[in-house]
Structures are given as structure tokens and as C-alpha cells.
There are 2 protein chains.
Amino acid sequence: MATDTRVLDDFKAAILAGRYAPRQRLVEAELCEDYSASRFAIRAALQALEAEGLVERIPNVGARIRDIGIDEAVEISEVRGVVEGLIARRAAERVSAAQAADLEEIGASMHAAVAAGDTGAYGELNSRLHSAVREIAGHDKASDIIARLHGQMVRHQYALSRVPGRSSVSVHQHQAIIDAVIARDGDAAEAAMRAHIASVIEALRATV
Amino acid sequence: MATDTRVLDDFKAAILAGRYAPRQRLVEAELCEDYSASRFAIRAALQALEAEGLVERIPNVGARIRDIGIDEAVEISEVRGVVEGLIARRAAERVSAAQAADLEEIGASMHAAVAAGDTGAYGELNSRLHSAVREIAGHDKASDIIARLHGQMVRHQYALSRVPGRSSVSVHQHQAIIDAVIARDGDAAEAAMRAHIASVIEALRATV
DNA sequence: GTCGCCTATATTGTTGACAATATTGTTGGT
DNA sequence: ACCAACAATATTGTCAACAATATAGGCGAC
């Protein structure tokens with residue numbers, strides 16, 4: 001169970017990659033074939049994924065991919081906003097000179113990606129920035145929660161990245177976060193992060 | 001598994017009631033006896049409780065009650081602070097007249113409990129206040145996270161309630177939260193809640 | 001006497017078969 | 001043609017026995 005973490009990892013990666021449709025039924029026997037694992041291992045994985053909010057299970061009926069609608073995605077983002085705000089504040093309080101340089105470099109690359117119209121690269125940099133800030137903050141509990149919430153959001157995240165002109169708006173918000181962290185201004189960093197997520201929520205509502 | 005929710009509920013309640021010591025080993029066979037359940041059901045419960053952060057499992061070795069130290073308790077409280085802040089803000093935006101009256105009544109009871117020196121009643125009212133605010137906010141995702149974090153904190157929560165003079169300090173903070181929510185002032189409600197949790201963190205650090 | 005190895009024991013991990021349950025399809029009646 | 005009851009199937013839930021692994025205690029060598 002804990003031994004065979006491979007099944008869970010692969011399965012989770014597949015869900016996060018969007019390889020399963022929302023509300024798709026997950027029959028244990030089929031999953032056994034797909035991941036060439038025993039039903040035992042599959043059940044353990046399903047239970048773990050249920051706890052992570054990625055899978056929904058109904059007793060005696062079966063499991064399915066949880067469908068997270070816009071309303072729930074907004075709620076998730078609201079929580080994410082305040083928790084990432086906490087992280088940004090902590091990052092501003094603890095950032096080192098070397099880390100500050102890293103952030104500045106990410107910011108420069110972002111501007112370059114926007115100028116080149118490379119949305120793929122921008123999305124990649126977006127992830128890198130958020131994870132860099134998390135690392136600087138060094139707040140395990142907050143990072144865990146963000147990871148969990150992010151997992152539930154992947155589908156909408158993907159939809160967001162395809163909204164045209166989105167990156168040219170968010171690049172300034174990202175820069176504001178970077179500037180505040182480098183300036184070691186906790187209040188400003190939290191405010192910038194919250195403003196950024198608020199804008200994400202707005203865009204999210206617009207994708208309906 | 002999902003059928004026999006009784007085992008999980010009882011077991012979880014026992015942990016939350018502090019009936020198991022931190023780092024206490026949880027041998028599956030013993031738990032089978034205690035809850036007169038099959039090993040199968042016990043394993044499912046253990047896995048669920050691991051996901052909730054109440055139990056820690058090491059492959060091929062076994063499960064034990066997770067020991068949450070002061071440092072981690074502080075981190076948990078920091079996250080709790082911002083998420084409860086969000087909840088308080090939402091509550092202020094959505095509170096109805098009847099709900100406002102309920103809050104005021106809780107506040108009055110709190111003052112009375114402090115005056116009477118009844119720490120038990122005060123603790124009870126504390127829970128009631130926070131859960132009333134959660135209900136007013138109607139933010140499922142935030143409430144879920146708070147519930148999970150609270151579960152991990154029970155031990156320290158108990159220690160806190162026994163700090164002498166703690167209630168006479170916190171009663172004013174609680175009143176500030178109530179006032180802000182009733183005034184429908186989101187900013188003030190969030191600030192009051194965060195100040196309250198900050199004070200809890202301070203007290204937490206002092207219990208070492 | 002102490003260190004390392006080895007065996008014994010306790011405990012968890014895994015499997016396959018079986019039971020319980022829900023869903024689907026079919027048949028007969030009106 | 002439609003509905004209800006029933007049978008057949010698919011799927012999950014549960015169990016008890018077995019395998020694998022880690023821990024603890026004892027034995028011998030130095």
C-alpha cells in the first residue's frame with residue numbers, strides 16, 4: 001500500500017494531466033488493468049485520492065472523477081488567495097539576496113515570454129514563480145494546503161491559461177509580487193498576492 | 001469500507017478526545033479488539049486518518065498518533081488565522097439580522113462566563129462563536145480546511161484553555177469580531193479575527 | 001565486555017476467493 | 001405502448017489465510 005506508491009503517483013499524475021474526464025466512472029477492475037496493479041492497491045489509491053478531493057466515491061456504487069464547477073473553483077481560489085498571501089508575506093520577511101536575484105530573473109523571463117507571445121513558457125514561469133515564493137517562505141503547512149487546492153483546480157487552470165491577453169495583465173501583478181518580496185515589505189507582498197488571485201478569480205468567472 | 005463508517009467515527013472521536021497519547025503506537029490487531037472490527041476496516045480508518053493528518057504511518061512498521069509540536073502548531077495557527085479571516089470577512093458581508101442577534105447573545109454569554117470564572121462554559125462558547133461565524137459565511141472550502149486544521153490542534157487547544165487569565169484577554173477580541181460582523185464591516189472583521197488568532201499564537205508559544 | 005551477526009517473533013503488506021449490493025435487461029400483464 | 005416485478009450481470013465490500021518485512025533478543029567471536 002504505502003509500498004506501492006507508484007500506482008498512486010501514476011494515477012494522480014494522469015488525473016492532474018487531465019487524462020480523465022470530469023464525472024468519469026472509475027471502475028476498479030479497469031484501473032487494475034491500466035496500471036497493472038492489484039485491486040488492493042487501486043482501492044488504496046482511490047481512497048487517498050478521495051481524501052485529496054480529486055475523486056468522489058459512493059458506497060456500493062463506485063468512484064468517479066470529481067467535477068469541480070466554477071462556483072467551487074472560485075471558493076478554492078478565495079482560500080488560495082489568503083493562504084498564498086500568507087506565504088508571500090513570509091517570503092518577504094525571509095528572502096535572501098540570492099533568492100531575490102532568482103525572483104528578478106523569473107520576472108525578466110516573464111516579460112520576455114509575454115513580448116514573444118509564448119504562452120506555454122509563461123505558464124511554466126508562472127508555476128516557477130509561485131513555487132519559488134513558497135520555497136522562500138518555508139511554510140510547510142501553507143504549502144501543503146496550496147498543493148492540495150491546486151490539484152483540484154488543474155482543469156480550470158488550464159482553461160485560464162488559454163484566455164487570450166491574460167498573460168499581459170498578470171505579468172504586472174507578478175512583477176508587483178516580486179518587487180514587494182525583494183523590498184522585504186510583507187504587507188505589500190501579501191496585498192500584491194491577494195490582488196493577483198482576485199484577478200484570477202475574475203478571469204475564472206469570465207470563462208463561463 | 002465506506003459502509004462501516006462507525007469504526008472511523010469512533011476512532012477519530014477517541015483521538016480527538018485525547019484518549020491516545022502522542023506518538024503512541026497503533027497496532028492493527030489491538031485496534032481490531034478495541035473497536036471489534038476486522039483488520040480490513042481498521043486499515044481503511046487508519047488510511048483515512050493519515051490523510052487527515054491525525055495519524056502517521058511508516059511502511060512495514062506501523063501507525064502512530066502524530067505528535068504535533070509547538071512549531072507545527074504555530075504554523076497551523078498561522079494558516080488558520082488567514083482562513084478564518086476570510087471567513088469572518090464573508091460573514092460580515094452576508095450576516096442576517098437574526099444571525100446578528102445570535103452573535104450578540106453569544107458575546108453576552110461570554111462576558112458572563114468570564115465574570116463567573118467558568119472556563120468550561122467559556123471554551124464551549126468559543127467553539128460556538130467560531131462555528132456560528134463559519135455558518136454565516138457559508139464558505140464550504142474554508143470551513144473544511146479549518147475543520148482539518150482544528151483536528152490537528154486539539155491537544156494544544158486544550159492546553160491553551162487551561163492558561164489562567166486567557167479568557168479575560170480573548171473575550172475582548174471575540175467581542176471585536178462580533179461587533180465588526182454585525183456592523184457588516186468586512187475589513188474590520190478580517191482584521192479582528194487575525195488579531196485574535198495572532199494572540200492565540202502568542203499564548204501558544206508561551207505554553208512551552 | 002562489547003560488537004556484529006543471526007535467528008525468532010511480532011507486525012504489516014498482499015492476494016484471491018466469496019458475499020453483498022446496485023444496475024441493467026427482460027418478461028409478462030394491463 | 002407502458003409499467004412493475006423479477007432475473008441476470010456488473011461492481012464493490014469483506015474476509016481469512018499467506019507472504020514479506022522490520023524489530024528484538026541471543027549467541028559467538030574478538
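Reminder, nothing fancy here: chain letters follow the sequence lines and each chain counts from 1. Just so you know, these numbers use all the heavy atoms, side chains as well, and skip hydrogens, waters and symmetry mates.
Residue order along DNA chain C, read from the 5' end via each residue's closest nucleotide, puts B:Gly62 first among B:Gly62 and A:Val61.
Residue A:Leu46 is classed as having no contact, given no heavy-atom separation below 4.0 Å to the nucleic acid. Within the nucleic acid shown, B:Leu26 comes within 4.0 Å of sugar-phosphate atoms alone, with no base atom in reach, counting heavy atoms only.
B:Ile58 places its CD1 atom 11 Å from the P atom of C:dG13, with the value rounded to the nearest Å. We find that CZ of A:Arg43 is positioned 17 Å from P of C:dG13, with the value rounded to whole Å. Taking atom CG on A:Asn60 and atom C1' on C:dT21, their separation rounds to 5 Å, with Å as the unit. Put simply, CZ on A:Phe40 is 14 Å from P on D:dG13, counting in whole angstrom units. Between B:Glu28 atom CD and D:dC15 atom C1' there is a gap of 14 Å when expressed in whole angstrom units. Nucleotide D:dT11 holds its P atom 7 Å from the CD atom of A:Glu30, rounded to whole Å.
For the residue pair B:Ser199 / B:Glu202, no side-chain donor-acceptor distance below 3.5 Å is found, with atom types taken as modelled. Side-chain atoms of A:Tyr122 and A:Ser170 form a donor-acceptor pair, as typed in the model, at a separation below 3.5 Å.
Taking 4.0 Å as the cut-off between side-chain N and carboxylate O, A:Glu124 and A:Arg128 do not count as a salt-bridged pair.
When the side-chain nitrogen and oxygen atoms of B:Arg39 are compared with OP1 and OP2 of D:dA16, none of them lie within a distance under 4.0 Å. Note on A:Arg57: a side-chain N or O is less than 4.0 Å away from OP1 or OP2 of D:dG13.
With D:dG13, C:dT11, D:dT23 as the choices, the nucleotide that has an atom nearest any side-chain atom of B:Arg25 turns out to be C:dT11. Considering only the side chain of A:Val27, D:dT11 comes nearest among D:dT23, D:dT11, C:dG13.
Here the side chain of A:Arg90 pairs a donor or acceptor atom with the backbone of A:Ala137 at under 3.5 angstrom.
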